[in-house]
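The block underneath contains the structure these notes are about, expressed in structure tokens.
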Amino acid sequence: MVEHHHRSTLKQQNKSFKSKHASKSSLKEAAKGRISRVSTKSSPAAHTAAQSKLNRRNNAKQNQTKKRNALVSATRIFNGVDGAPRIVAVIPLSPDANPRSAVCALAESLDVSPDDCPESGLWRLRADRFKTSMQFINVPYKNMYAALDACKAADYVVFVLSAAVEVEAWGDSLLRILQAQGMPDVITVVSADTSAALDARARTGVLKSLLSFIQYFVPGQAKVFDLHAGADRLNAVRAIAEGKPGEVRWREGRAWVLGESAEWADGVLSVTGVVRGALLSANRLVHIPNYGDFQISKIVSAPLPRHARTGMDVEPIVLAEADPADADSLVSSNDPDDLANEQTWPTEEEMREAGPVAGGELPDAATGTTPKTVRRIPKGMSEYQAAWIIDEEEEGHGDGEDGEDEDAGGSEYEMAPEEPEEMVDMPMEDDDMATDSRRSVVAFQDLDVEEEERQLASWRNREREEEEDLAFPDELDTPKEVSARARFQRYRGMRSFRTSPWDAYENLPRDYARIFQFEDFKRTERGVRRRAEQELGTVAPGVRVTLHLQGVPQEAASARGPLVLFALLQHEHKKTVLNFTVQRNTEYDGSVRSKDPLILCVGPRRMRVNPIYSQHTRGGGKGTNNAHKFERFLRHTVTSVATTYGPVVFGKQPCVLLRETSDPQAPHVVAMGTFMNPDTTRVIAKRLILTGHPFKVHKKTATVRYMFFNSDDVHYFKPIQLHTKLGRTGHIRESLGTHGYLKAHFDGPVNQMDTVCMSLYKRVFPKWAELWKESADGAVSQNAITAPAAPDAMEE
């Protein structure tokens with residue numbers, strides 16, 4: 001008999017745990033490192049996600065390996081007993097900060113005796129604890145150009161601050177220049193001599209204040225080391241000995257050598273140092289600041305006097321010699337021949353050799369070659385000058401009831417060298433012009449001389465608003481003593497400055513025959529850098545060598561500052577036109593006029609230049625005609641283009657413009673910028689606006705005075721277009737009287753309070769640049785402080 005029992009109704013069954021809500025740690029522990037294979041047929045999306053994750057992991061691993069290899073390669077030349085020393089520039093920013101005391105404090109942290117450390121110059125410190133060595137460049141206070149050269153060759157810059165004296169204007173200017181030209185890694189320390197007397201509470205506040213100051217110029221600075229504290233001294237040495245030096249952009253692809261010793265004999269300078277940067281070739285030129293470019297005759301190895309591993313002296317060997325067939329020449333500019341392209345009339349012998357013309361007359365032109373319309377132009381004009389003149393008949397066709405000119409978009413005018421009586425008079429199609437033509441029969445009555453002088457003085461002494469002067473910065477009153485034809489004979493009129501064509505090779509100065517022009521500058525630069533990397537007979541970085549330079553002056557061996565040699569790339573010795581985008585220093589209040597003498601610091605060079613400034617086209621483009629307006633002054637908050645002659649520059653190198661003062665070691669920082677291009681076809685056009693007063697107005701016609709002062713000038717400038725400050729455009733109709741009054745017709749009614757303007761343009765060029773040389777005694781050169789340039793009214 002089977003026992004009967006009831007089913008239990010109290011049994012509880014909990015909901016099973018879903019695996020998709022498991023934590024990552026639990027899933028990772030359950031997998032035990034196994035990776036499940038996902039079938040692409042069953043789940044393509046899951047396979048794609050798994051592949052993307054694997055790709056990301058692989059890319060991260062490759063980037064990590066790349067960074068590790070870059071760090072090893074960047075610090076490889078410093079490792080070992082015979083490694084290259086880390087170059088450290090020690091620069092004091094306060095008068096009571098001593099660079100020697102700072103170096104001695106760093107050396108004492110390594111238990112090294114600093115007795116032989118000089119006040120200024122080079123001193124090598126061996127850090128066995130970090131298996132490297134350091135080479136300090138002690139720069140005295142207020143030695144501007146020595147500090148700049150030291151920072152150009154340094155791996156680290158140690159700024160020595162004072163805990164008692166603030167940084168003066170000289171230190172502020174130095175930091176701005178270094179910030180503009182590019183600084184290596186910066187380490188800021190406080191001199192132990194000035195911080196020893198501070199207590200713990202005051203020391204904390206001083207360090208915070210100094211850190212805030214240095215972060216304004218070096219934002220990445222995290223700490224200021226107090227050399228009075230032993231821990232900070234050791235940490236400062238560790239930051240120099242174990243860190244990776246930062247890369248200065250303008251030094252990429254270039255080699256340089258810091259001269260440890262120099263000897264001069266028979267015009268040959270022998271400089272010993274370690275090659276840094278890129279490969280050093282004996283076929284390329286070497287630049288020495290303050291002295292110029294020189295050729296390398298040979299490169300000889302220069303091992304240390306006693307080899308660290310073997311304990312034996314190593315004989316020097318010749319590593320590379322200059323190849324006369326491939327070595328760069330010292331020729332930097334062309335020697336123009338003034339008679340090479342001289343145009344002369346054919347002689348009688350040449351005419352007889354050509355033979356008589358058949359029939360005694362000139363042959364007829366071929367079919368289709370004779371122009372349909374014969375244009376009458378003044379005598380002596382070229383075809384290009386004739387293209388700037390439009391016929392007045394064509395001009396009259398576009399002058400209708402609405403007053404708009406159909407040719408206002410792309411025509412221009414050239415001032416004729418002869419009287420324009422040969423031109424055809426413009427037909428009058430407008431009713432107002434016809435009415436004025438009938439009225440012009442009435443004789444115009446001139447004012448007497450005294451009244452004319454009184455009204456002219458009243459007109460020229462008028463006060464102009466500041467906004468109006470900024471809107472029309474090129475206005476100029478026509479001189480009364482000199483004829484406007486003679487004063488502005490080099491200027492031309494243009495209908496549209498933006499679109500009118502301008503021949504970039506017209507009427508070039510003599511200096512343009514001396515410079516070099518690149519057909520494709522970017523392609524040339526790529527080829528030069530590629531050949532520099534593949535060139536044979538070079539010396540690798542980290543090798544201690546002796547360079548033999550030819551033709552170096554004897555004073556270079558006893559230079560005041562550090563002797564630094566910078567290798568130049570191919571073609572960097574040739575002169576061309578350089579264009580820089582610059583911005584004016586906001587803290588410089590002086591006037592900066594075009595062609596003022598300045599010092600241009602670009603890369604390893606310092607040149608004495610007289611740059612001219614022009615407007616920077618938006619986006620850096622050339623526009624339709626590559627014509628850019630000349631700026632008389634370098635203004636604040638505006639990016640301008642500074643143009644000058646100088647050696648070729650490869651790469652986006654930073655530049656600094658300095659102005660010398662009575663103190664040769666404290667120049668003013670005028671502007672900072674970057675190299676743009678060596679465009680020789682860039683047209684920089686100077687604009688002059690001649691203004692006149694609408695004496696009498698009748699609808700669209702006005703009688704204008706004070707623009708010219710004789711009728712000959714009115715006829716000479718008649719083809720050029722007029723405009724007013726309120727936006728009207730027009731042309732000169734005729735001359736009235738003998739005092740330079742003229743009658744002009746505009747495209748709309750003229751306001752009696754308006755001003756009539758005429759724009760004239762002339763291409764301008766910079767002056768030839770020269771190498772800037774610092775005098776041996778530190779005195780200011782003869783041309784250092786120059787009087788301001790002449791006013792625009794007195795320029796040619």
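Predicted, not measured: the structure shown is a model, and the values here were computed from it. Any value given below was found using the heavy atoms of this structure, including those in side chains, with hydrogens, waters and symmetry copies removed.
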Expected output: side-chain [X] to main-chain [Y] donor-acceptor under 3.5 Å:
{"X": "Thr661", "Y": "His668", "result": "no"}
{"X": "Trp264", "Y": "Ala556", "result": "no"}
{"X": "Tyr512", "Y": "Thr680", "result": "yes"}
{"X": "Ser301", "Y": "Ile317", "result": "yes"}
{"X": "Arg606", "Y": "Ile599", "result": "no"}
{"X": "Arg584", "Y": "Leu634", "result": "yes"}
{"X": "Thr546", "Y": "Thr272", "result": "no"}
{"X": "Arg86", "Y": "Ile240", "result": "yes"}
{"X": "His573", "Y": "Leu330", "result": "yes"}
{"X": "Thr581", "Y": "Met676", "result": "no"}

Next on the checklist: Go through it in stages, so that I can follow the logic: the residues are Tyr291 and Glu555, the test is side chain to side chain contact (heavy atoms under 4.5 Å, CB included), and I'd like the CA-CA distance, side-chain angles, deciding distance and then a yes or no.
Outcome noted: CA-CA 9 Å; Tyr291 299 100; Glu555 57 267 19; 3.7 Å; yes

Closest approach of [X] to [Y] (non-hydrogen atoms, all atoms of both residues):
{"X": "Ala239", "Y": "Ile187", "value": "CB-CD1, 3.9 Å"}
{"X": "Tyr156", "Y": "Pro245", "value": "OH-N, 3.5 Å"}
{"X": "Leu279", "Y": "Ala532", "value": "CD1-O, 4.3 Å"}
{"X": "Asn138", "Y": "Cys117", "value": "ND2-SG, 3.6 Å"}
{"X": "Pro664", "Y": "Pro667", "value": "O-CD, 4.4 Å"}
{"X": "Gly83", "Y": "Ser133", "value": "O-OG, 4.1 Å"}

Checklist entry - Around atom CD of Glu263, are there more than 12 heavy atoms of other residues, nucleotides or ligands at under 6.0 Å? => result no

Working to the nearest 0.5 angstrom, can you tell me the gap between [X] [atom1] and [Y] [atom2]?
{"X": "Tyr613", "Y": "Asp596", "atom1": "OH", "atom2": "CG", "value": "7.0 Å"}
{"X": "Ile214", "Y": "Gln221", "atom1": "CD1", "atom2": "CD", "value": "6.5 Å"}
{"X": "Gln135", "Y": "Glu260", "atom1": "CD", "atom2": "CD", "value": "4.5 Å"}
{"X": "Thr538", "Y": "Ile299", "atom1": "OG1", "atom2": "CD1", "value": "8.5 Å"}
{"X": "Ile177", "Y": "Tyr145", "atom1": "CD1", "atom2": "OH", "value": "7.5 Å"}
{"X": "Ile296", "Y": "Leu565", "atom1": "CD1", "atom2": "CG", "value": "8.0 Å"}

Minimum side-chain heavy-atom gap [X]-[Y] below 4.5 Å:
{"X": "Val186", "Y": "Leu178", "result": "no"}
{"X": "Ile91", "Y": "Cys151", "result": "yes"}
{"X": "Arg682", "Y": "Val641", "result": "yes"}
{"X": "Gln295", "Y": "Leu285", "result": "yes"}
{"X": "Leu269", "Y": "Phe294", "result": "no"}
{"X": "Lys152", "Y": "Phe566", "result": "yes"}
{"X": "Asp155", "Y": "Arg276", "result": "yes"}
{"X": "Trp123", "Y": "Pro114", "result": "yes"}

Pairs where [range] contributes a residue and the test salt bridge (Lys or Arg N to Asp or Glu O under 4.0 Å) is met, not counting sequence neighbours:
{"range": "residues 265-275", "answer": "none"}
{"range": "residues 236-253", "answer": "none"}
{"range": "residues 278-287", "answer": "Arg284-Asp328, Arg284-Glu535"}

Item to check | Ion pair check, Asp520 and Lys522, cut-off under 4.0 Å | outcome: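 Salt bridge absent between Asp520 and Lys522.
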
Next on the checklist: Using the rule given for side chain to side chain contact (heavy atoms under 4.5 Å, CB included), can you reason through Phe130 versus Leu110, listing the C-alpha separation, both sets of side-chain angles and the distance that settles it, and then say yes or no?
Outcome noted: CA-CA 10 Å; Phe130 300 101; Leu110 297 175; 3.7 Å; yes

Checklist entry - Among side-chain atoms of Asn290 and Asp149, is any donor-acceptor pair under 3.5 angstrom? => result no

Next on the checklist: For a quick check under 3.5 Å, do Thr617 and His628 share a side-chain donor-acceptor pair by atom type?
Outcome noted: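 Looking only at side-chain atoms, His628 and Thr617 do form a donor-acceptor pair, the distance falling under 3.5 Å.
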
Item to check | Residues Arg605, Asp293; criterion side chain to side chain contact (heavy atoms under 4.5 Å, CB included); working and verdict | outcome: CA-CA 10 Å; Arg605 301 183 185 272; Asp293 303 340; 3.2 Å; yes

Next on the checklist: Using the side-chain hydrogen bond (donor to acceptor under 3.5 Å, both in side chains) criterion, which residues pair with Arg531? Sequence neighbours excluded.
Outcome noted: Gln570

Next on the checklist: If the condition is side-chain hydrogen bond (donor to acceptor under 3.5 Å, both in side chains), which residues does Asn579 pass it with, not counting sequence neighbours?
Outcome noted: Thr643, Asn677

Item to check | Listed partners of His571 passing ring-ring contact (aromatic ring centres under 6.0 Å, His included), at least two apart | outcome: none

Checklist entry - Going by the angle between their ring planes, with limits at 30° and 60°, are Phe580 and Phe675 parallel, tilted or perpendicular? => result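 Perpendicular: the ring planes of Phe580 and Phe675 meet at over 60°.
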
Item to check | Residues Asp172, Phe217; criterion side chain to side chain contact (heavy atoms under 4.5 Å, CB included); working and verdict | outcome: CA-CA 9 Å; Asp172 186 82; Phe217 301 96; 3.1 Å; yes

Item to check | Test log, rule salt bridge (charged side-chain N to carboxylate O under 4.0 Å, His left out), inputs Arg529 and Glu525 | outcome: CA-CA 6 Å; Arg529 294 188 179 274; Glu525 181 180 357; 3.5 Å; yes

Checklist entry - In a check of salt bridge (charged side-chain N to carboxylate O under 4.0 Å, His left out) between Arg608 and each of Glu770, Glu660, Glu774, which one passes? => result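 Testing each of Glu770, Glu660, Glu774 against Arg608, the sole residue satisfying salt bridge (charged side-chain N to carboxylate O under 4.0 Å, His left out) is Glu660.
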
